[in-house]
Amino acid sequence: MASTPFDPPLAIRDPDMARLIDDERVRQHQKLRMIPSENYASRAVLEATGSVLNNKYSEGYAGKRYYEGQQIIDVVERLAIDRVKALFGVDHVNVQPYSGSPANLAVYLAFCNPGDVVMGMGLPAGGHLTHGWSVSITGKYFRSVAYGVRRDDHRIDLDEVRRLARESKPKILWVGATAYPRTLDYAAFAEIAREVGAVLCADIAHISGLVIGRAHPSPVGLAEVVTSTTHKTFRGPRGGMILCDAKHASAIDKAVFPGLQGGPHNSNTAAIAVAAHEAAQPEFGAYAHQVVANAKTLAEGLVARGLSLVTGGTDNHLVLADLSPKGVPGKVAARALDRAGVVVNYNSVPFDTRKPFDPSGIRLGTPALTTRGMREAEMSRVAEWIARIVDHPEDEATIERTRGEVAEVCASFPAPGLGLD
Ligand SMILES: *Cc1c(COP(=O)(O)O)cnc(C)c1O
């Protein structure tokens with residue numbers, strides 16, 4: 001070429017990084033991605049995420065900004081808000097949180113002072129770090145009380161929640177989880193919160209797509225505040241959002257900005273709007289229900305092959321398998337599965353006797369596979385592969401054979417967003 005291009009594409013500007021991104025694109029095509037928090041965002045979502053909106057600063061909210069030049073951005077953010085409001089039927093929405101954790105932190109800032117009592121599900125039972133776990137800022141700056149699950153059936157013990165709430169009188173009560181395979185009873189939590197004067201906050205980070213698609217009950221109308229990520233079952237960009245009753249709108253908005261953050265990530269705001277538009281299509285409800293149907297088939301297939309599941313099965317998008325009866329640590333199984341082309345994460349199980357960094361379980365989810373179009377027939381095969389590897393995690397021939405079968409299925413189910421169509 002005679003001259004250097006004015007605006008070279010990534011492959012020319014930084015071939016090393018372009019190659020890494022391409023390698024990851026291939027990995028996402030060739031493997032069965034079963035980490036329940038992961039998914040495939042559509043090409044449209046990825047385009048908005050990588051757009052020129054990245055270049056704009058917009059501290060404040062539509063109509064009340066601290067920088068000029070918001071003619072377009074105000075419309076973008078209002079559109080995102082209106083679409084999310086319509087999806088959930090909620091009074092107020094803030095789409096500026098940088099991710100799920102900052103969204104939750106903003107809720108603490110809106111309702112608590114340092115040292116106040118807060119209550120959430122403990123991490124070992126399936127709760128999230130940001131619900132007051134000790135190593136998180138939410139456990140260090142607040143006096144946090146954790147509820148768990150019952151020893152016998154591994155389900156949330158509402159009697160324990162009520163007892164602890166009455167004793168400790170938390171300012172906020174979290175309902176939501178990151179590794180809990182069952183439906184959450186928002187009405188029961190709302191009753192407990194009302195009795196003790198707590199603000200009920202539902203964290204639907206994992207299940208917001210299921211809620212929109214009516215494959216899990218909605219907390220809207222029962223929880224005064226609802227937080228979510230936007231990149232899990234919702235299938236949007238990395239981001240967070242807070243939904244709330246009108247009476248909390250100003251407290252939530254002030255907590256996000258100027259309380260916690262500076263300028264919103266406008267390209268992500270646009271991509272949230274795109275994801276909300278996609279979630280408003282009739283196909284989205286079918287996707288949400290298929291995610292659950294796939295998880296149920298996966299769970300049945302694993303149980304049939306002798307695996308022990310926390311709570312015995314699932315109502316949602318994820319399955320938590322306790323491998324201790326098999327005598328295989330979660331990490332050993334997860335590593336062998338990855339080599340066979342099935343990507344999961346090792347995870348603690350309730351009352352785990354092993355350490356969090358070397359726990360007894362693996363956590364599996366169906367959202368990404370469902371987005372690729374896989375259904376019950378594929379889930380039965382996946383269950384067979386997982387059980388096979390768990391039974392022979394050190395058998396190279398088994399791993400090799402499984403990798404071939406996995407690659408074959410992946411080749412027939414191209415994922416959105418990878419530019420393979
Ligand atoms: C994933 C998750 C979060 C945090 O989201 P990040 O975007 O990773 O910060 C918060 N709460 C729950 C229940 C989650 O599963």
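Order of appearance sets the numbers: ligands from 1, and atoms from 1 within every ligand. These figures come from a predicted structure and were not determined experimentally. Start at 1 with the first residue, then count along the sequence.
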Exercise. Of Val118, Thr138, Val199, which is the lone residue that meets side chain to side chain contact (heavy atoms under 4.5 Å, CB included) with Cys112?
Worked result: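 Testing each of Val118, Thr138, Val199 against Cys112, the sole residue satisfying side chain to side chain contact (heavy atoms under 4.5 Å, CB included) is Val118.
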Hey, are [Y] and [X] close enough side-chain-wise for a donor-acceptor pair under 3.5 Å?
X	Y	value
Gln290	Glu376	yes
Asp203	His128	no
Thr269	Glu77	no

Run the numbers for me: atoms of ligand 1, each under 4.0 Å from some heavy atom of [X], listed by number.
X	result
Asp203	10 (C), 11 (N), 12 (C), 13 (C)
Thr229	5 (O), 7 (O)
His231	7 (O)
Ser101	4 (C), 5 (O), 6 (P), 9 (O)
Lys232	1 (C), 2 (C), 3 (C), 14 (C), 15 (O)
Gly100	4 (C), 5 (O), 6 (P), 7 (O), 9 (O)

For this session: Looking only at protein heavy atoms, identify the closest one to atom 3 (C) of ligand 1 and say how far it is in Å.
Result: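 Ranked first by proximity to atom 3 (C) of ligand 1 is His128 NE2, 3.2 Å.
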For this session: Measure from the ring center of Tyr287 to the ring center of Phe284 and say whether it is less than 6.0 Å.
Result: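 Yes.
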For this session: Tell me whether the centres of the aromatic rings in His206 and Tyr180 are closer together than 6.0 Å.
Result: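 No.
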Exercise. Taking everything shown except Tyr61 itself, do over 12 heavy atoms lie less than 6.0 Å from its OH?
Worked result: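 Counting other residues, nucleotides and ligands, OH of Tyr61 exceeds 12 neighbours.
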For this session: Heavy-atom distances under 4.0 Å are what count here, so tell me which part of Ala205 touches ligand 1: side chain, backbone, both or neither.
Result: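 The side chain, only.
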Exercise. Does any N or O atom in Ser99 lie less than 3.5 angstrom from one in ligand 1, N or O only?
Worked result: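 Between Ser99 and ligand 1, an N or O pair is found under 3.5 Å apart.
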Exercise. Mind checking whether Arg238 has a heavy atom under 4.0 Å from ligand 1?
Worked result: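 For ligand 1, residue contact (heavy atoms, under 4.0 Å) with Arg238 is absent.
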Exercise. Strictly under 4.0 Å, does any heavy atom of Ala177 approach an atom of ligand 1?
Worked result: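 Yes, Ala177 has heavy atoms under 4.0 Å from ligand 1.
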Problem set entry | Spacing of CG belonging to Asn268 relative to CD belonging to Gln96, to within rounding of 0.5 Å |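 Result: 11.5 Å between the selected atoms.
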